[in-house]
Asks: 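Handing you this structure, nothing more for now.
Just so you know, these numbers come straight off a predicted model, no measurement behind them. If you read the sequence from its start, that first residue is 1, and numbering goes on from there. Read the numbers this way: they start at 1 and go in the same order the structure lists the ligands and their atoms.
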Amino acid sequence: MLVTLKDILADARDNHYAVGAFNVIENVMLRTVLETAEAKEAPVIVMGLAADLEGAGWTYIAGLAKLAAEYHNIPVCLHLDHCYDLDYIRQAVDHGFTGVMYDGSSLPFDQNVKMTRAAVDIAHPHGVSVEAELGHVGGSNLAETRHVESVLTEADEVTKFVELTGVDALAVSIGTGHGVYRSTPTLNIERLVELSRAADVPLVMHGGSGTPDDQVKNAVANGITKVNVFTEERMAMFRGLKEAAKLQRVDPLPEDQFGPISRALADLVAEKIELLSSDGRAALTIANS
Ligand code: 13P
């Protein structure tokens with residue numbers, strides 16, 4: 001069933017686990033993530049980036065996801081990932097997304113507040129939850145043409161930010177980065193504890209890929225309730241693609257081409273669900289929402 005970001009994260013926050021948030025750009029990814037989550041009886045968040053939704057993507061991904069969410073007997077949130085433009089927030093609302101992220105993390109505090117508040121004013125009247133980011137989770141952009149340093153989130157800004165914006169979830173910067181890590185990260189758990197105390201909304205970890213499992217577990221134990229994963233999905237799918245490319249037949253069946261990709265992605269999604277302890281939570285989340 002389709003649920004809001006706010007509802008899916010409430011149970012996670014109360015029960016000290018995190019929901020996996022996986023980027024999807026087409027049917028094979030969407031179906032693999034949802035089927036795996038259902039097999040694990042786990043609530044799940046599927047996310048699209050505006051760049052991947054351009055043109056017919058809005059209709060295709062939102063249409064498929066909404067239909068599939070009703071088919072699968074688990075809570076599913078359809079979420080817009082990293083959005084810098086209020087027009088895309090409106091598009092997401094119009095297409096039935098149940099969560100949106102407005103990312104003003106590169107803006108000065110006051111501007112971030114102003115733009116995030118505007119996103120909330122667009123989304124909330126339609127029952128759509130809003131995630132924002134304070135501090136900045138750096139790392140590599142998707143094209144790997146730019147690498148940006150992270151800026152840790154300041155605890156003393158959190159309470160004010162949440163109060164002024166009315167957001168439902170907050171992405172915090174505690175040492176993770178997007179993309180493939182150049183060196184193993186060390187998360188600032190002490191800072192996370194301060195942020196958890198300061199925020200009365202669920203906290204989100206971006207850059208979940210490549211972050212050592214023990215550190216992710218520790219972060220979840222200390223208040224992270226949503227973990228975003230994209231890079232490791234692409235790496236897993238690429239392993240599957242290389243396996244499929246070994247096929248000898250000149251006209252391989254679609255299942256033989258997409259199967260290895262889907263299975264590699266499914267293994268990763270299952271691993272992450274277990275790591276975040278969201279397996280077995282689906283029925284309870286539904287009961288509590
Ligand atoms: P990774 O690609 O590093 O997993 O980060 C994903 C993410 O944070 C999407 O918002």
Asks: At what distance is the nearest protein heavy atom to atom 2 (O) of ligand 1, and which residue and atom is it?
Replies: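 In this structure, atom 2 (O) of ligand 1 has Thr231 OG1, 2.5 Å as its nearest protein heavy atom.
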Asks: Taking the basic N atoms (NZ, or NE/NH1/NH2) and the acidic carboxylate oxygens, is any pair closer than 4.0 Å for Arg263 and Glu243?
Replies: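 So Arg263 does not pair with Glu243 through a salt bridge.
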Asks: Has the side chain of Glu131 got a donor or acceptor atom that lies under 3.5 Å from a matching backbone atom of Val204?
Replies: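 Side chain of Glu131 to backbone of Val204: no pair is present.
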Asks: Which atoms form the tightest heavy-atom contact between Leu9 and Ala169, and what is the distance?
Replies: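 So the minimum-distance heavy-atom pair works out to CD1-CB, 3.9 Å.
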Asks: For the residue pair Ile261 and Leu265, establish whether any side-chain heavy-atom pair is separated by less than 4.5 Å.
Replies: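 SC-SC contact between Ile261 and Leu265 ruled out.
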Asks: Give me the nearest non-hydrogen protein atom to atom 4 (O) of ligand 1 as residue plus atom name, then the distance to 0.1 Å.
Replies: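 Here the closest protein heavy atom is Ser209 OG, 2.5 Å.
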Asks: Is Gly177 near ligand 1, meaning one of its heavy atoms is under 4.0 Å from it?
Replies: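 Yes, Gly177 has a heavy atom closer than 4.0 Å to ligand 1.
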Asks: Using modelled atom types and a 3.5 Å cut-off, is there a donor and acceptor pairing between side-chain atoms of Gln111 and backbone atoms of Lys114?
Replies: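 Checking the backbone N and O of Lys114 against the side chain of Gln111, no donor-acceptor pair under 3.5 Å is found.
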Asks: Taking all heavy atoms of Ala123 and all of Val130, pick out the closest pair and write down the distance.
Replies: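 Of all heavy-atom pairs spanning Ala123 and Val130, the closest is CB-CG2, 3.5 Å.
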Asks: Got the closest protein heavy atom to atom 8 (O) of ligand 1, with its distance?
Replies: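 Result for atom 8 (O) of ligand 1: Gly207 N, 2.9 Å.
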Asks: Specify the closest pair of heavy atoms between Gly210 and Tyr181, including all atoms of both residues, with the distance to one decimal.
Replies: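 Shortest heavy-atom contact: C-CE1, 3.5 Å.
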Asks: Taking heavy atoms and a distance under 4.0 Å, where does His82 meet ligand 1: side chain, backbone, both or neither?
Replies: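 It is the side chain that gets close, since no backbone atom is under 4.0 Å.
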Asks: Which residue and atom name correspond to the protein heavy atom nearest atom 3 (O) of ligand 1, and how close is it?
Replies: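 That would be Gly179 N, 3.0 Å.
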Asks: Atoms of ligand 1 less than 4.0 Å from Gly208 heavy atoms?
Replies: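 It comes down to these atoms of ligand 1: 4 (O).
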Asks: Please confirm whether His178 comes under 4.0 Å of ligand 1, counting heavy atoms of the residue only.
Replies: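 For ligand 1, residue contact (heavy atoms, under 4.0 Å) with His178 is present.
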Asks: Show which atoms of ligand 1 fall inside a sub-4.0 Å distance from at least one heavy-atom site of Val229.
Replies: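 Answer, ordered by atom number: 4 (O).
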Asks: Got an N/O contact under 3.5 Å between Asn228 and ligand 1?
Replies: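 By distance alone, the answer is yes.
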Asks: Examine Met47 against ligand 1 and note whether any of their N/O atoms are separated by less than 3.5 Å.
Replies: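 No, there is no polar N/O contact under 3.5 Å.
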Asks: Should the pair Arg117-Asp121 be classified as a salt bridge under the 4.0 Å nitrogen-to-oxygen rule?
Replies: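 Yes, Arg117 and Asp121 are salt-bridged.
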Asks: At what distance is the nearest protein heavy atom to atom 9 (C) of ligand 1, and which residue and atom is it?
Replies: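 I find the closest protein heavy atom is Asp81 OD2, 3.1 Å.
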